[in-house]
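For clarity, every value in this text was computed on a predicted model and none was experimentally measured. To find a chain, count down the sequence lines: A is the first, B the second, and so on, and within it residues start at 1.
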4 protein chains.
Amino acid sequence: MTGDAKPLRADALRNRARVLEAAELILARDGLSASMRAIAQEAGVGLGTIYRHFPTREALHQAIIADRMRRLIDEGEELRTAADPGAAFLRFFTLVVDSAKRKKILADALAQAGVDPKDGLSDVRRDMRHAIESLLTRAQRSGAIREDLRMPELLALLSATCVAAERSDWSPDLQDRTLRLLFDAFLPGPRRHLPPCTDTP
Amino acid sequence: MTGDAKPLRADALRNRARVLEAAELILARDGLSASMRAIAQEAGVGLGTIYRHFPTREALHQAIIADRMRRLIDEGEELRTAADPGAAFLRFFTLVVDSAKRKKILADALAQAGVDPKDGLSDVRRDMRHAIESLLTRAQRSGAIREDLRMPELLALLSATCVAAERSDWSPDLQDRTLRLLFDAFLPGPRRHLPPCTDTP
Amino acid sequence: MTGDAKPLRADALRNRARVLEAAELILARDGLSASMRAIAQEAGVGLGTIYRHFPTREALHQAIIADRMRRLIDEGEELRTAADPGAAFLRFFTLVVDSAKRKKILADALAQAGVDPKDGLSDVRRDMRHAIESLLTRAQRSGAIREDLRMPELLALLSATCVAAERSDWSPDLQDRTLRLLFDAFLPGPRRHLPPCTDTP
Amino acid sequence: MTGDAKPLRADALRNRARVLEAAELILARDGLSASMRAIAQEAGVGLGTIYRHFPTREALHQAIIADRMRRLIDEGEELRTAADPGAAFLRFFTLVVDSAKRKKILADALAQAGVDPKDGLSDVRRDMRHAIESLLTRAQRSGAIREDLRMPELLALLSATCVAAERSDWSPDLQDRTLRLLFDAFLPGPRRHLPPCTDTP
DNA sequence: CATGAATGAGGGTTCATTCAT
DNA sequence: GATGAATGAACCCTCATTCAT
């Protein structure tokens with residue numbers, strides 16, 4: 001699917017892993033603007049080695065994000081059979097926020113889960129969207145989540161939470177209280193009809 | 001308080017304003033990575049002129065942010081006497097998000113409204129916090145907003161919304177629906193007691 | 001024409017000249033692959049200074065070539081009124097070869113005097129072509145140069161001679177003898193009809 | 001003489017040939033700056049294989065040039081017994097130009113046929129020189145080529161023509177006309193006494 | 001022997017900042 | 001004060017060459 005060609009030599013595989021690991025670390029520390037050199041140094045490899053595995057700075061970023069998203073999607077898969085669909089949905093939301101907060105870099109990609117430019121992340125983004133949607137639908141069917149919660153605003157709030165968590169280094173306690181609060185908005189029940197709030201385009 | 005030292009000459013003042021204006025425009029267009037040269041060009045002044053008024057790229061950013069925050073704080077002040085305290089509170093929230101979305105650059109500063117590092121923004125950040133707090137308290141007293149909504153999570157969600165709005169270019173419609181949804185979390189009423197959600201630090 | 005905008009500051013002008021001078025020297029030594037860094041060092045300026053004056057490596061090359069060509073074209077202009085048209089024509093040929101040999105870099109541009117890609121050198125190349133053509137025509141009219149000598153093959157031989165001279169560092173003596181020999185081909189007089197010589201395309 | 005040491009294994013020999021062939025192709029396409037990787041790819045061998053046979057990029061170039069020169073020298077050998085010595089001489093000149101034009105890379109080596117640095121090409125260059133000289137002498141004896149044509153300027157013009165042909169991609173027609181013109185300079189007959197032409201060293 | 005992964009110097013270029021004009 | 005020329009560190013990336021597999 002993703003284009004695995006040859007099985008790669010053992011040392012190459014190990015180096016690729018080291019690069020990914022180092023990149024995660026450095027990107028988590030310095031943000032998207034982290035330099036390739038810093039990553040190479042942290043990984044203990046030459047600059048060229050990074051470029052062998054990831055032809056471009058962008059490609060490295062995407063690889064990391066795709067990697068992390070895949071893992072999240074897998075966890076989402078497992079949660080699809082959880083006993084409590086509502087809890088499962090909220091749990092997944094939390095997992096995503098956690099991942100963003102710990103590893104950074106994730107939020108930007110997430111922010112465009114609904115957009116899909118042509119950047120090689122389209123597939124994994126689509127899968128992520130599906131994972132969320134399927135958990136949401138199940139939770140709604142079970143009556144745990146309000147019926148009128150739709151994907152666009154859900155994604156908007158998810159990505160918002162991720163960016164904030166990843167930028168502001170929310171303490172576990174703050175994150176907990178913030179998410180609890182936010183989740184209240186997802187519950188079914190009587191709603192006030194609030195006046196329209198935005199004005200300027 | 002804000003540290004005005006000498007009564008700048010008329011033309012110097014005008015130049016300062018032109019730079020700020022241009023910087024807003026360019027930063028809104030190119031984001032934080034906008035180059036000083038681009039700003040100087042847009043302002044129609046020399047590079048040196050920018051540096052005369054703002055000793056550092058960072059200082060310019062802060063000036064812009066402080067500027068914008070001041071204006072928001074002023075609007076908050078006016079809303080303190082609005083007829084409907086609940087609406088006023090939500091309206092202010094919306095105003096801040098709008099500002100972030102239109103002008104960029106704002107969200108990052110906001111994200112640290114609760115932190116206060118030692119950058120020249122502590123004052124205005126404190127004022128912003130006060131503005132929000134005062135609107136919140138009034139809205140809570142009026143019964144429009146739940147009693148247990150506290151500043152930390154409110155700021156967290158506000159900054160989250162701002163960053164997301166500013167990054168993802170939410171359409172007016174999406175922004176509207178997202179904020180409505182979020183605001184439901186602020187309403188008083190029966191709450192489900194959700195299980196704690198985060199785990200890893 | 002060439003786009004002179006503002007009169008440039010004195011020091012800027014001086015630096016520009018230093019860069020050009022250094023570039024000529026270094027390019028003559030290292031060929032087209034000379035590094036910008038080497039040129040900056042030789043010029044005693046920062047790298048950025050080069051890029052201020054010449055936005056691109058290519059632009060610097062072209063500036064040098066254009067410069068040199070212009071000077072040659074000017075010399076050609078003077079030769080148009082020389083007493084002996086035949087000698088003038090040959091003298092110009094020699095001047096061009098001399099310039100190529102001493103300064104390198106010239107030949108490549110010359111090689112495409114007949115081609116004209118879109119590289120900012122089109123103008124000067126056209127002028128060079130005109131200069132040559134006008135000297136040639138005059139020499140032919142005077143009977144000093146054979147009538148059937150046409151521009152394409154003349155340019156071919158001129159550029160050939162230039163490249164060779166610039167690459168092989170012909171000694172003055174060798175250059176003299178080579179040109180004398182070649183010039184014999186330009187003289188009028190009885191010609192043997194040689195059989196076609198090329199075969200493969 | 002040429003330095004064959006050990007009787008390479010069959011597959012090694014085949015690989016060497018494949019590399020040479022690929023290198024010719026790629027160098028003809030991309031010029032001297034063609035990358036080793038491109039050549040390896042075209043040859044269908046690993047990078048290491050190239051380096052096993054040619055310790056250096058330079059060595060590979062030389063091997064190719066030597067190869068091509070050898071072939072040319074062989075053709076020269078055959079032409080030594082041709083019926084028309086004058087035509088044979090000119091034909092050889094043309095063959096060399098053709099080869100340069102089609103395969104690139106040749107001209108530089110040729111340019112130094114008279115110089116002989118210590119680069120492993122000395123032998124073949126000497127042979128080439130001999131081949132030319134012998135054809136020239138024979139043609140002169142037959143009266144077809146002027147007596148006073150000497151090797152240095154002949155080589156100079158030959159290499160000039162080669163570089164130009166290889167760089168400018170002369171059309172067959174242009175090449176034909178250019179060579180015919182040039183060859184007129186080689187013919188015996190009355191010569192004008194041209195004034196000395198070069199001045200600056 | 002063949003392979004191709006690893007290396008890292010070096011290339012062109014950008015840009016925040018300083019300072020002579 | 002205002003200007004913009006100069007600076008040079010830093011960035012991303014390429015590629016000849018080496019060497020573990």
query = When rounded to the nearest 0.5 angstrom, what is the spacing between CG in B:L25 and CG in B:L20?
reply = 12.5 Å
message = Over all strands shown, is C:A38 touching base, sugar-phosphate only, or nothing at heavy-atom distances under 4.0 angstrom?
response = nothing
query = Mapping A:G48 and A:R14 onto DNA chain F by nearest heavy atom, which one lands closer to the 5' end?
reply = A:G48
request  = Can you figure out which of E:dT17, F:dA16, F:dA2 approaches the side chain of B:R57 most closely?
outcome  = E:dT17
remark   = Partner of F:dG8 under the Watson-Crick or G-U wobble criteria, both distances under 3.5 Å, comes out as E:dC15
query = Looking only at heavy atoms, which two atoms of B:S99 and B:R68 are closest? And how far apart?
reply = OG-CD, 3.0 Å
request  = Let me know, please, whether A:V45 or C:P55 comes out on the 5' side of the other along DNA chain E by nearest nucleotide.
outcome  = A:V45
query = In whole Å, what is the span from the CD1 atom of D:I50 to the C1' atom of E:dG4?
reply = 12 Å
remark   = Checking N1-N3 plus N6-O4 or O6-N4 for Watson-Crick, or N1-O2 and O6-N3 for wobble, each under 3.5 Å, the partner of E:dT21 is F:dA2
remark   = Heavy-atom nearest nucleotide on DNA chain F taken for C:G44 and for D:Y51; more 5' hit belongs to C:G44
request  = Determine whether any donor atom in the side chain of A:R37 lies under 3.5 Å from an acceptor atom in the base of E:dG10, or the reverse, and answer yes or no.
outcome  = yes
query = Using a cut-off of 4.0 Å on non-hydrogen atoms, how would the nucleic acid contact of A:A34 be classed: base, sugar-phosphate, or nothing?
reply = sugar-phosphate
remark   = Per nearest nucleotide of DNA chain E, the residue lying toward the 5' end, C:M36 or D:R52, is D:R52
ask   = Do B:T56 side-chain atoms and B:A59 backbone N/O form a donor-acceptor pair below 3.5 Å?
value = no
query = NA contact type, D:T49, heavy-atom cut-off 4.0 Å: base, sugar-phosphate, or nothing?
reply = base
message = Rounding to an integer number of Å, can you tell me how far D:R16 CZ sits from E:dC1 C1'?
response = 16 Å
